[in-house]
Amino acid sequence: MAAIAKVIVDVPTMQTDQPYDYLIPADLAAVVKPGMRVVVNFGKGKREVTGMVVDLAEEPEFAGEVKPIVSVIDLAPVLTPEMLALSSWLATSTFAFRITSIQTMLPAMMKANMEKLAIPVAHSEAVQAMFGQQPALNIADITDIVQLKQLMALEQAGEVETVYRVAKKGHAKHVIVIDSLVTEANHDEFLASVRKGATKQIALLDALLAFSNSQKRPTTTEVAAEFSRAQLNQAKAKGWLKLTEQEVYRNPYPEQFPATQPKTLTADQSQVVDQVVAAVSANRAETFLLEGVTGSGKTEVYLQTMAAALQAGKTALMLVPEIALTPQMVNRVKGRFGSQVAVLHSGLSDGEKYDEWRRIARHEVQVVVGARSAAFAPLDNIGVIIMDEEHETSYKQEDNPRYHARDVLAWRSRFHHAPLVLGSATPALESRARAQKGVYTLLNLPNRINQRPMPKVAIVDMRAIGAELQGDFSPALLQALQTRLDRHEQSVLLLNRRGFSSFVMCRDCGFVKKCPNCDISLTLHMDTHRLKCHYCGHEEAIPTTCPNCGSRQIRYYGTGTQKVETTLKTLLPEARILRMDVDTTKKKGAHAKLLKQFGQHEADILLGTQMIAKGLDFPDVTLVGVINADTALGLPDFRASEHTFQLLTQVSGRAGRADKPGEVIIQSFNPEHYAIQFAQHHDYEGFYQQEMFLRHQGDYPPYYYTVKATISHEDENEAAKAAFSLAKSLKSALGDDTIMLGPTPGSIARLKNRYYYQIVLKYKQPDHLVTVLNTLRDQVQTSSRQGFQISFDREPQSFI
DNA sequence: GATACGTTGAGG
DNA sequence: CTCAACGTATCT
């Protein structure tokens, strides 16, 4: 029997990011297993922390005193061996702490809260006055400063002790079910025992009789409006009913879903399904890139491959971007697989997430659909993994651990020997390039279902309009909107909010000032009134006239949805407008509600930001307008063209999904830009070729991997010095094939009184770099003074 | 992250 | 000399 447990403690710092040896007490010997959370003493004081058992051993590795485990939190492991291994890989590959990785795999509700308690040890008068009958005081609850000071004095005097304890949170939800014992036979007998005029009791008896007759077992909460708990308890004492406590799952989707039948596949679709299913049957961890135009029936392909995995007695995991996880989407999956489905996304409450998580862990479901974090769904025996809209940037987590869901899924695909399907109409360049190299198997769905044509895309040159421009609307777009209003058809208007007001553009010629060294747009800094390059640190004054055409119309560019809505209301007073942006969708369920309203034709125009580009399918939408296609193009981001192309293609696919032909109007200051040109012709492959050429020229991904190192300190000089010394060490440790940019000050150079500097590395050999960065990080931490924070972000989404 | 324990420096 | 204030090594 193992005597030692290797425990990762919940203290997320660099120095404690390693397993600690703890003695397993004899009475817990048979209980403690890897994957269980435990409570241990850590450090010198009486401090309890939670930890995760990651391994067992016969003998301690640590030479010093080994403390015993205080208690176990779980009765069964909450992490499978797979998840423990995954957490270890995640920590090293993202430079995150092991405990942080572990915590992202568990539902938020399982994160234990610590409470700091004051416990009396003497019985003095002062202690009596402070505590009264209470055995302990929770220090966090004490708001009175005077009381707090008294308590501190008592601790000094040794009359009070402070202790850290792990506070267990409420976990499973329980309901109390009412079993009626009232029958036709005994109803009158019970009635006779009740005092005359006791209307409530008589009503309760009648209700109970009704429950018996209809075989209903209501819960106490369901009848709370009519009968209080006190009344029910009394009735229980009289033998009218039985109360039983029952654990329930919170059901976030209580409605019944209309069952959907598998659709007949087109020849293209069957070919794709056959290839993936072959990999499922062969237990082959093959990665497929499914490139399918909007409307080509990718979802049906997903559903049928998942069905095949289930048929083989396996499970299926499907990731969808948060904003695409609409009720429409969920209905479709639940309709096909019914109660075998668990749904995980950020819209659920912590309790709901916990319950869905447990249903998965207990093997009660075979299919999981969810957003990014669902990549860690505790599914066993996975047969197929699907990632829809694989190019979506929301798959990358922007705080620690900075993982990309695609990498996590690839890991799990290898672990389970199950195929991974990456699907998109506009794959990320990295993915498409891997398919080119044969790392991924490329699958194509080039045609729309029912041979529907792609919508016609018109581009309006905003530079040529001048005085006829009304707000942000060209005459052509206004005219098209008016036509839809007359025909009682609907329109979708996209306002590209990316890069709002962060750069300077000429209103006359569309010129955007670029960095002379990096060929990347300069970012506007309002604090210093200068333009800066976030790659190399180049800086210059804001021009007053356009360097290209001499116009004075060069200014900050940007527009908000609210402003557009106001102009639109004056231009088209009879139009009913629905605005969808971060402001109007903040509340839970607001997103779904707005879409439903629009689906029921309660508005003529849906105006919104990127979020309207996905997951909506309305037959009456025949016009899609893009108010400003260019905003993202001005961003200091080498992926700007890619994102613009993806967004325009995506939103174009929203027009004319039914029998009515669709029209797309794109307003642009750069109509000849290749991203806009290729989007106009729905030409992903053309865009891919062109963009790859430019990436090659600029030494950008996918030709190079990238990593962003950020170093910060309270003192600006220290931060700068550390950044430059880090740069120096990097230069000597890395080969000539690594390109280093910076150090430059962070875009928000000061944040929470800390100064940030960053270095961007472009490199070819990922394994070597990970090793170098990991050792360097440890060196910086130990050899130099404290006060530094250093973090690495692999394949960052933003370089500013 | 929290703690005990070291080193400093002002006040007596 | 005392004590608090600050810095820092350590946690199994």
Side-chain angles (χ1 to χ4, degrees), chain A residues 2-26 28-29 32-34 36-73 84 88 91 95-104 111-119 121 138-140 142 148-149 151-153 155-158 160-167 399-401 712-715 717-718 722 752-754 777-791:
Chain A
I4 296 296
K6 304 269 179 192
V7 177
I8 303 284
V9 291
D10 183 11
V11 181
T13 60
M14 197 142 288
Q15 298 95 299
T16 54
D17 188 30
Q18 49 164 322
Y20 285 85
D21 287 354
Y22 277 92
L23 212 62
I24 303 173
L28 291 176
V32 175
K33 293 186 184 77
M36 272 186 188
R37 292 171 302 158
V38 291
V39 178
V40 293
N41 279 111
F42 190 69
K44 283 154 194 172
K46 280 186 194 301
R47 186 180 170 209
E48 279 183 355
V49 298
T50 57
M52 173 63 72
V53 178
V54 292
D55 206 357
L56 299 178
E58 297 298 327
E59 299 289 327
E61 234 176 292
F62 183 64
E65 181 209 359
V66 180
K67 294 182 185 176
I69 287 172
V70 174
S71 63
V72 292
I73 299 178
L84 285 172
S88 169
F95 309 100
F97 305 127
R98 183 89 189 267
I99 191 67
T100 318
S101 302
I102 287 169
Q103 272 161 1
T104 56
K111 200 183 163 184
N113 273 9
M114 302 299 294
E115 42 184 35
K116 202 174 177 182
L117 297 176
I119 298 172
V121 286
N138 191 336
I139 294 175
I142 300 169
L148 202 66
K149 282 193 172 159
L151 209 57
M152 286 164 89
E155 200 198 353
Q156 289 281 303
V160 164
E161 238 180 24
T162 56
V163 173
Y164 267 87
R165 261 218 323 240
V166 178
D399 42 49
N400 289 328
S712 73
H713 194 269
E714 282 181 1
D715 183 89
N717 268 324
E718 290 293 322
K752 287 181 188 167
N753 276 323
R754 294 186 72 86
R777 183 179 69 153
D778 296 347
Q779 275 171 30
V780 168
Q781 190 59 226
T782 47
S783 64
S784 64
R785 293 135 309 210
Q786 303 250 183
F788 291 108
Q789 269 170 28
I790 186 165
S791 75

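Proteins get letters first, then strands, A, B, ... in listed order; numbering begins at 1 in each.
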Item checked: Separation of atom CD in A/Gln789 from atom P in B/dG1, rounded to whole Å -> 8 Å
Item checked: Distance, nearest 0.5 Å, that separates NZ of A/Lys6 from CG of A/Asp21 -> 4.0 Å
Next item on the list: Ignoring the backbone of A/Lys44, work out which of B/dG1, C/dT12, B/dA4 is nearest its side chain.
Entry: B/dA4
Notebook entry, point to check: How would you label the contact of A/Val11 with the nucleic acid (heavy atoms, under 4.0 Å): base, sugar-phosphate, or nothing?
Noted result: base
Check: Quick one: A/Gln103 CD to B/dG1 P, roughly how many Å, whole number?
Finding: 13 Å
Note to self: Tell me the interatomic distance from A/Gln18, atom CD, to C/dA9, atom P, rounded to whole angstroms.
What the structure shows: 16 Å
Margin query: I need the CD1-P distance between A/Ile99 and B/dA2, as an integer number of Å.
Written below: 15 Å
Next item on the list: Return the value, rounded to whole Å, for the distance between atom CZ of A/Phe42 and atom C1' of C/dT12.
Entry: 7 Å
Check: To the nearest 0.5 Å, how far apart are NZ in A/Lys33 and CD1 in A/Ile24?
Finding: 10.5 Å
Checklist line | Is_stacked (A/Phe62, C/dT12) at 5.5 Å, 30 deg | finding: yes
Item checked: Spatial distance of atom CD1 (A/Ile99) from atom CG (A/Asp10) [nearest 0.5 Å] -> 5.0 Å
Note to self: If I take atom CG in residue A/Asp17 and atom P in nucleotide B/dG1, what distance separates them, rounded to the nearest angstrom?
What the structure shows: 13 Å
Next item on the list: Could you check how far CZ of A/Arg98 sits from C1' of C/dT12, rounded to whole Å?
Entry: 16 Å
Next item on the list: Output yes when a side-chain donor or acceptor of A/Lys67 lies under 3.5 Å from a complementary backbone atom of A/Gly43, and no otherwise.
Entry: yes
Check: Roughly, in whole Å, what's the span from CE in A/Met14 to P in C/dT8?
Finding: 18 Å
